[in-house]
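So you know, we letter chains A, B, ... as the sequences are listed, proteins then strands, and number each from 1.
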There are 2 protein chains.
Amino acid sequence: MELTPRKKKILAAVIEEYIRTAEPVGSKAIAAKGNLGCSPATIRNELAELVSRGYLEQPHTSAGRVPTPLGYRMYVNELMETQDLSDEEVAEIAERLSGPLPPDQLMSDAGRIASQLTNYPALTITARPAATIRRFDLIYLDANSFIIVLLLSTDAVKNKLVRLPVSVDQTMIQKLSTLFNAHFTGISENAITPGMIHAAERAAEDNLGITAVIAAFAIETLTDSEQTQAYLVGETQLLNQPEFRDPDKAHRLMRYLTEGGHLADLPLEEMHGDNELRVLIGPENVAEELKDSSVIIATYDAGDNMRGIIGVVGPTRMDYSRVAAKLSYIAAGLSKRLGGGSSMPPPGLDNKLIIKGEDFDEREIKEEENEG
Amino acid sequence: MELTPRKKKILAAVIEEYIRTAEPVGSKAIAAKGNLGCSPATIRNELAELVSRGYLEQPHTSAGRVPTPLGYRMYVNELMETQDLSDEEVAEIAERLSGPLPPDQLMSDAGRIASQLTNYPALTITARPAATIRRFDLIYLDANSFIIVLLLSTDAVKNKLVRLPVSVDQTMIQKLSTLFNAHFTGISENAITPGMIHAAERAAEDNLGITAVIAAFAIETLTDSEQTQAYLVGETQLLNQPEFRDPDKAHRLMRYLTEGGHLADLPLEEMHGDNELRVLIGPENVAEELKDSSVIIATYDAGDNMRGIIGVVGPTRMDYSRVAAKLSYIAAGLSKRLGGGSSMPPPGLDNKLIIKGEDFDEREIKEEENEG
DNA sequence: TGTTGGCACTCTGTTTCTTCGAGTGCTAAT
DNA sequence: ATTAGCACTCGAAGAAACAGAGTGCCAACA
């Protein structure tokens with residue numbers, strides 16, 4: 001059953017006030033905001049119903065109301081208004097994303113910006129598609145060393161300096177270079193078989209094991225290139241939040257975020273279209289450690305078939321509206337920089353972003369719940 | 001004036017007990033440890049004197065004693081006994097440092113190990129000596145792109161994929177490659193002058209600005225190579241320490257450590273010989289934010305004239321002896337891996353490490369200090 | 001029927017007071 | 001020089017009292 005417009009307004013008011021103050025909010029405070037012309041008593045009736053329908057809860061009888069995850073979900077899906085960024089904010093983001101930085105740096109910088117602007121820890125995740133090698137080059141240095149240079153299909157260039165315990169001559173290196181270019185380009189990691197390596201070894205008349213070294217580097221590079229990388233910046237911001245004044249609680253979450261690489265597998269299945277935000281509220285997170293935190297992520301086009309995620313983590317009492325606006329602008333900026341052109345998008349664009357969330361069930365709370 | 005042997009024993013006992021419990025320690029507790037055959041009353045006399053000489057202090061009358069920075073300094077310099085690592089610890093460190101990892105990874109891994117083994121945040125700093133370019137290679141890809149490959153004097157290889165808005169032919173690339181190899185190798189960053197670049201441009205008959213692009217990359221690479229890099233791992237461990245139960249305090253220190261790159265300039269002047277530990281206790285740290293923390297750092301030989309620092313940060317009530325043992329073994333391991341051979345040093349070696357600290361002044365505390 | 005003022009009630013956070021005990025410094029005895 | 005004894009101090013912890021914010025409900029009202 002739909003909520004009446006007034007209930008929605010009240011719910012939104014409670015949530016916004018709670019986000020602002022982190023204190024349970026009472027009927028009086030809402031009435032004082034003045035938006036709806038009715039008395040605290042009326043609001044109390046409405047609040048009671050919002051509680052019984054699961055959108056709010058009371059820490060104890062005779063305290064104000066606090067939003068439940070369901071309440072936040074409703075707020076995010078239907079109630080909250082998209083915020084505009086201030087001109088300064090737009091300018092700052094644009095400025096900081098416009099530097100002549102290499103993609104990796106740009107992305108980690110974007111995380112830093114997100115964290116600083118939202119005052120929450122920010123995460124960045126880059127998923128790389130399986131790459132292939134586009135070109136091999138072996139640069140002969142001297143009898144005992146050469147450099148392997150690999151150009152990947154993603155335009156990344158990888159290299160390695162190889163020192164040999166034995167001598168090779170320049171023609172051998174040349175031969176190997178040609179061979180590898182002929183047979184090892186354009187294929188994926190698991191297409192490189194021991195058989196191929198042996199064949200190349202024979203063809204180059206290499207009895208020093210150089211072929212194997214090169215092949216190993218190729219495989220290693222391809223394997224690495226597939227890995228998703230995840231970074232976290234601004235963990236310390238958590239300590240600003242009243243809900244993390246308990247050091248143990250803070251420690252638990254921070255450990256989860258920084259250790260064990262949980263970050264990487266966190267929202268991978270949440271990868272979705274560009275210019276779309278996703279909000280995971282409290283128990284909607286699969287990880288136990290995140291059950292009373294919220295995560296907002298935006299996906300962006302990182303160019304070359306790569307897709308990136310940028311997001312922030314915070315308590316469920318997160319300023320969804322503000323964070324969404326900033327994240328989406330940052331993500332749009334990254335898409336522009338990495339995917340398409342090199343200038344920043346107009347700041348108005350982000351209003352069109354879709355905030356997509358989970359479905360939710362309103363649950364009826366029984367009048368009386370016996371326990372013990 | 002030297003402390004009597006018994007005073008030293010008592011001071012050591014106080015410090016060790018305080019490190020263990022984080023509570024002010026009383027005369028009774030020390031007597032109970034049994035090492036010295038005298039009664040609590042005697043110990044009280046001795047304690048009183050240690051207080052008046054500045055090694056200990058009392059949070060308030062009728063509380064136990066707490067070490068002052070001077071007390072810790074004395075402990076570190078003269079009192080503390082070098083600890084041996086357990087076989088498991090030796091095995092774990094050796095195991096984790098023996099992987100076939102590239103140097104960068106190895107160093108950041110070492111930080112992780114240090115943090116996990118000591119339960120304090122760990123920092124790693126790498127200072128790179130100014131590098132020169134040993135060799136230039138330009139790899140022609142197609143009319144619109146080529147790769148720059150630089151081999152540095154440090155054996156590092158850097159590269160960049162350049163895409164051009166205009167066409168070049170292979171001979172031009174070749175010509176530039178030869179030119180750069182002839183004139184831009186073996187020199188330092190600031191030896192590259194605009195004049196040189198112009199000269200090269202003319203010599204190569206390059207009117208497309210390609211020379212400038214290559215030169216810019218060379219300069220950028222050289223600049224980068226000089227920078228010291230600093231990492232911090234395990235910041236969250238701070239939250240374990242009772243002295244950081246106050247989230248604001250913890251936040252302040254963590255922010256200092258993680259932001260603004262203070263880390264890099266922290267103990268740079270503390271660079272010192274290999275296999276030597278340095279301990280900075282509380283106010284001995286120059287940074288205001290570290291005034292009631294301690295830092296222990298070990299320097300290791302990172303090979304190729306590079307020098308690395310690995311260390312931990314914690315409250316002044318740090319387990320100096322335990323941390324010193326672990327850090328020195330890790331540093332020795334890194335030196336071996338990166339500098340000399342590739343096997344781990346024997347675990348006994350670390351006992352020979354010098355713990356070098358600051359000089360200190362014993363200050364006489366007047367019987368009565370009037371204030372207000 | 002929905003809204004409102006009034007009022008008794010509940011519950012928490014804060015403050016104040018008390019108590020408890022660890023630890024001290026001092027003194028006198030050994 | 002060391003030690004036992006003792007009075008004293010001071011903070012931590014607990015108990016009691018208090019204030020106030022907020023509620024639910026009832027009766028009055030539009």
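- For the pair Leu50(B) CG and dT24(C) P, the computed distance is 12 Å after rounding to whole Å.
- With hydrogens and angles left out, the side chain of Arg44(A) and the base of dG2(C) share no donor-acceptor pair within 3.5 Å.
- An OP1 or OP2 oxygen of dT24(C) is reached within less than 4.0 angstrom by a side-chain nitrogen or oxygen of Ser27(B).
- You won't find any donor-acceptor pair under 3.5 Å spanning the side chain of Ser39(A) and the base of dT4(C), going by distance alone.
- Put simply, CD on Gln58(B) is 9 Å from C1' on dG23(C), counting in whole angstrom units.
- A 4.5 Å side-chain heavy-atom check between Pro315(A) and Phe244(A) finds at least one atom pair inside the cut-off.
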Let me check something: any side-chain donor-acceptor pairs from residues 286-295 of chain A under 3.5 Å, sequence neighbours excluded? List them with distances.
from: Lys291(A); atom 1: NZ; to: Pro283(A); atom 2: O; distance (Å): 3.3
from: Lys291(A); atom 1: NZ; to: Asn285(A); atom 2: O; distance (Å): 2.6
from: Ser294(A); atom 1: OG; to: Tyr320(A); atom 2: OH; distance (Å): 2.7

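- A salt bridge links Glu89(A) and Lys326(A); the closest N-O separation between the charged side-chain nitrogens and carboxylate oxygens is under 4.0 Å.
- Put simply, the side chain of Ile30(A) does not reach to within 4.5 Å of the side chain of Glu17(A), judged on heavy atoms.
- Atom P of nucleotide dT23(D) and atom CD of Glu57(A) are separated by 14 Å, given to the nearest angstrom.
- Distances shorter than 4.0 Å separate some side-chain N or O of Thr42(B) from OP1 or OP2 on dT3(D).
- Nucleic acid contact for Ala41(A): base, since at least one base atom lies under 4.0 Å from a heavy atom of the residue.
- For the helix from dT1(C)-dA30(D) to dT30(C)-dA1(D), the angle separating the two terminal helix axes comes to 20°, with each axis derived from five pairs and the value rounded to 10°.
- In terms of phosphate contacts, Arg65(B) brings no side-chain nitrogen or oxygen within less than 4.0 Å of OP1 or OP2 of dA22(C).
- Put simply, the side chain of Leu239(A) reaches to within 4.5 Å of the side chain of Leu239(B), judged on heavy atoms.
- Between dT4(C), dT3(D), dA21(D), one nucleotide has an atom nearer to the side chain of Cys38(B) than all others, and that is dT3(D).
- Distance Leu36(B) CG to dT3(D) C1': 15 Å, rounded to the nearest Å.
- Residues Ile43(B) and Ile10(B) meet the side-chain proximity criterion, which asks for heavy atoms closer than 4.5 Å.
- Atom CD in Glu49(A) sits roughly 12 Å away from atom P in dT3(C) (whole-Å rounding).
- For the pair Leu257(A) and His262(A), the minimum side-chain heavy-atom distance is 4.5 Å or more.
- When rounded to the nearest whole Å, the span between OH of Tyr18(A) and P of dG22(D) equals 14 Å.
- Atom NE2 of His60(B) and atom P of dG25(C) are 12 Å apart (whole Å).
- Distance, Arg6(B) CZ to dT3(D) C1': 12 Å, rounded to whole Å.
- Residue whose closest nucleotide on DNA chain D sits further toward the 5' end, between Val25(A) and Glu46(B): Glu46(B).
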